[in-house]
Amino acid sequence: MVEAEQGARRVWVCDVDGCGKTYVKQARLLEHQRVHTGERPFVCEHCGASYMRSTHLAAHMRTHMDESMKPLACPRETCTKRFWTQQHLRRHVLSCHAMESGVHSMSMLDAEAALGVAGVAGLYHCDIPGCDLVFSKRKHLYQHRREAHADPSCSHAPFVCDVCGKHFLTNAKRRHHMRIHEEGRYQCILPHIVAPLPPEHPPHTDTGVSWSFATWTHLQRHMRLCHPPTCPVCGRAFASREKMRRHQHTHAPREPLVCPWNGCDKAFQRASSLRVHISRVHHGERPFVCKVCGQSFGYKHLLQRHEHTHAKCEHHQDTSHVGQLKRKRARVLPCPWDKLGSDSCPKKFARLYDVRRHLASVHGLSLSDAELCTLMPEEPRAIKRPRAM
């Protein structure tokens, strides 16, 4: 947490991992820093759900309340709906009761006369020049734009970007696209001690103070390349903050967690390892079950070791011709290249045929079986595999 001056007002700057976000109030900065620390201090007393902000918990607590506790009721006598906020009540009245059934739009003057200025604020306005219609729902506004203001030459995407000419289905998508044409929208305020990146890097503007980017994605890529999260103790850089936080545990050794069971002196560095130890050793849980024989094990590596025994049994029981070919022969015949006055070759083979092919392909020497036998040692040649019964 860093206090700084920005113009004529005091701001609070987040200094966690070089974040750099600024806030006018210190309370807002503390709320933001929970994103870095992962702290969720606001816990629901009914279901245990935790939240970073008290407002999020308050909104969640409404789900545990009865519908009759909602304070705001619809003024229509025939309507029994109730709401938590004035905004939800006003939107319901405008969309369900203010306009006639089947009619989704009215002019601005008619809406102000019927609902007042405050009521019109809850409607959706058509922002096309020369059109003063308002709608009760957003989907009706979008439908009106496509039908009344669509470009006849491009009916499937009527909204066109004024800068690059790209077409969009809705005006909201077009406005969102227009942000990429705003120069310097996303800025990196961290110091840069390296030279500008090559041209294949996303477009940026070097102003001498900060680099600016057209999109949030380009800024995040720049942060990963130029300002990766770095361990403050050893200076090691990481691809993400989560990996850096996991690494920081190595610099802060904690007291070992001793097993609380009587007569057990096992100790662990992590609470998860202690929980697994208690469930497997003291409670006798065996969650890993062999699919072949049904035997259960407490740890996965014990199950894998047990499954190898089934694989070996199947291998020895396979007496077919294909099964015999799959068995690996012992490679006891060394390459005789060193006996011919050349450097030694570390290759070994199981058959004379393989040795002869190796000499021809690798060393360029063709020998017959008789000539090759004179170069091979006697003991390996005398070893014969027992014939399969």
Side-chain angles (χ1 to χ4, degrees), residues 1 12 14 16-17 19 21-99 101 104 115-125 134-142 170 172 176 216 240-243 245-246 248-249 254 257 260-261 268 270-280 282-285 287:
M1 182 187 307
W12 299 86
C14 176
V16 179
D17 300 337
C19 176
K21 286 191 175 182
T22 59
Y23 296 88
V24 178
K25 295 183 179 181
Q26 185 180 6
R28 301 286 82 81
L29 173 62
L30 295 177
E31 288 182 351
H32 160 74
Q33 287 183 334
R34 296 193 187 111
V35 177
H36 300 293
T37 61
E39 183 184 3
R40 308 174 76 91
F42 303 100
V43 182
C44 176
E45 59 183 7
H46 298 285
C47 63
S50 58
Y51 298 90
M52 293 184 180
R53 297 187 179 184
S54 58
T55 54
H56 297 171
L57 176 61
H60 165 78
M61 291 297 292
R62 294 174 182 171
T63 61
H64 298 292
M65 298 181 182
D66 190 78
E67 288 289 323
S68 60
M69 300 182 64
K70 294 181 178 180
L72 305 175
C74 179
R76 285 293 185 97
E77 296 180 357
T78 57
C79 183
T80 59
K81 289 185 175 297
R82 304 183 67 89
F83 303 90
W84 287 108
T85 64
Q86 287 286 352
Q87 179 184 5
H88 292 164
L89 173 60
R90 184 173 66 251
R91 182 62 53 81
H92 163 74
V93 173
L94 293 175
S95 61
C96 298
H97 305 307
M99 297 184 177
S101 177
H104 304 310
L115 306 173
V117 178
V120 174
L123 297 178
Y124 296 96
H125 304 249
V134 292
F135 298 82
S136 59
K137 295 184 179 180
R138 185 183 289 109
K139 64 178 182 180
H140 297 153
L141 172 61
Y142 290 165
T170 63
H176 185 270
W216 173 260
S240 64
R241 292 189 179 93
E242 178 61 28
K243 293 183 179 179
R245 285 194 292 265
R246 197 178 305 165
Q248 285 179 331
H249 291 309
R254 296 174 293 180
L257 304 175
W261 282 67
F268 303 88
R270 296 184 179 180
S272 59
S273 302
L274 176 59
R275 288 195 298 268
V276 171
H277 163 75
I278 294 175
S279 63
R280 303 296 192 270
H282 301 296
H283 292 167
E285 295 181 5

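All values below were derived from every heavy atom in this structure, side-chain atoms included, with hydrogens, water molecules and symmetry-related copies excluded.
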Any non-hydrogen side-chain atom of Cys44 less than 4.5 Å from a side-chain atom of Leu57?
yes

Give, for atom CG of Leu257 and atom CZ of Arg270, the distance between the pair rounded to the nearest 0.5 Å.
11.5 Å

Roughly how far, to the nearest 0.5 Å, is OG of Ser273 from CD1 of Ile278?
11.0 Å

Mind checking whether Phe42 and His56 have ring centres under 6.0 Å apart?
no

Which heavy atom of Pro260 sits nearest a heavy atom of Leu274, and at what distance?
CD-CD1, 4.4 Å

Give the minimum heavy-atom separation between Val43 and Gly48, together with the two atoms involved.
CG1-O, 3.7 Å

CG-NZ distance between Leu29 and Lys21, expressed to the nearest 0.5 angstrom
11.0 Å

Crowding at NZ, Lys70 (>12 non-hydrogen neighbours, <6.0 Å)
yes

Mind checking salt bridge (Lys or Arg N to Asp or Glu O under 4.0 Å) for Arg53 and listing every partner two or more places apart, or none if nothing turns up?
Glu31

Say whether, by atom type as modelled, one donor and one acceptor occur between the side chain of Arg40 and the main chain of Ser50 under 3.5 angstrom.
yes

Flag side-chain contact, heavy atom, 4.5 Å: Arg82 against Ser68:
no

Check whether more than 12 heavy atoms from other residues, nucleotides or ligands sit under 6.0 Å from atom NE2 of His176, and answer yes or no.
no

From Ser272 atom OG to His277 atom NE2, the distance as rounded to the nearest 0.5 Å
13.5 Å

Trp84: ring pair (Phe, Tyr, Trp, His ring centres under 6.0 Å) partners, not counting sequence neighbours:
none

May I ask you to decide if the ring planes of Tyr23 and His32 are parallel, tilted or perpendicular, using 30° and 60° as cut-offs?
tilted

Given side chain to side chain contact (heavy atoms under 4.5 Å, CB included), test Arg62 with Met69 step by step and report yes or no.
CA-CA 9 Å; Arg62 294 174 182 171; Met69 300 182 64; over 6 Å; no

Stepwise, does the ring pair (Phe, Tyr, Trp, His ring centres under 6.0 Å) test hold for His283 with Trp261?
CA-CA 11 Å; His283 292 167; Trp261 282 67; 5.7 Å; yes

Apply salt bridge (Lys or Arg N to Asp or Glu O under 4.0 Å) to Arg34 and list each qualifying residue two or more places apart in sequence or on a separate chain.
none

What's the verdict on side chain to side chain contact (heavy atoms under 4.5 Å, CB included) for Glu39 and Met52, showing C-alpha distance, side-chain angles and the deciding distance?
CA-CA 7 Å; Glu39 183 184 3; Met52 293 184 180; over 6 Å; no

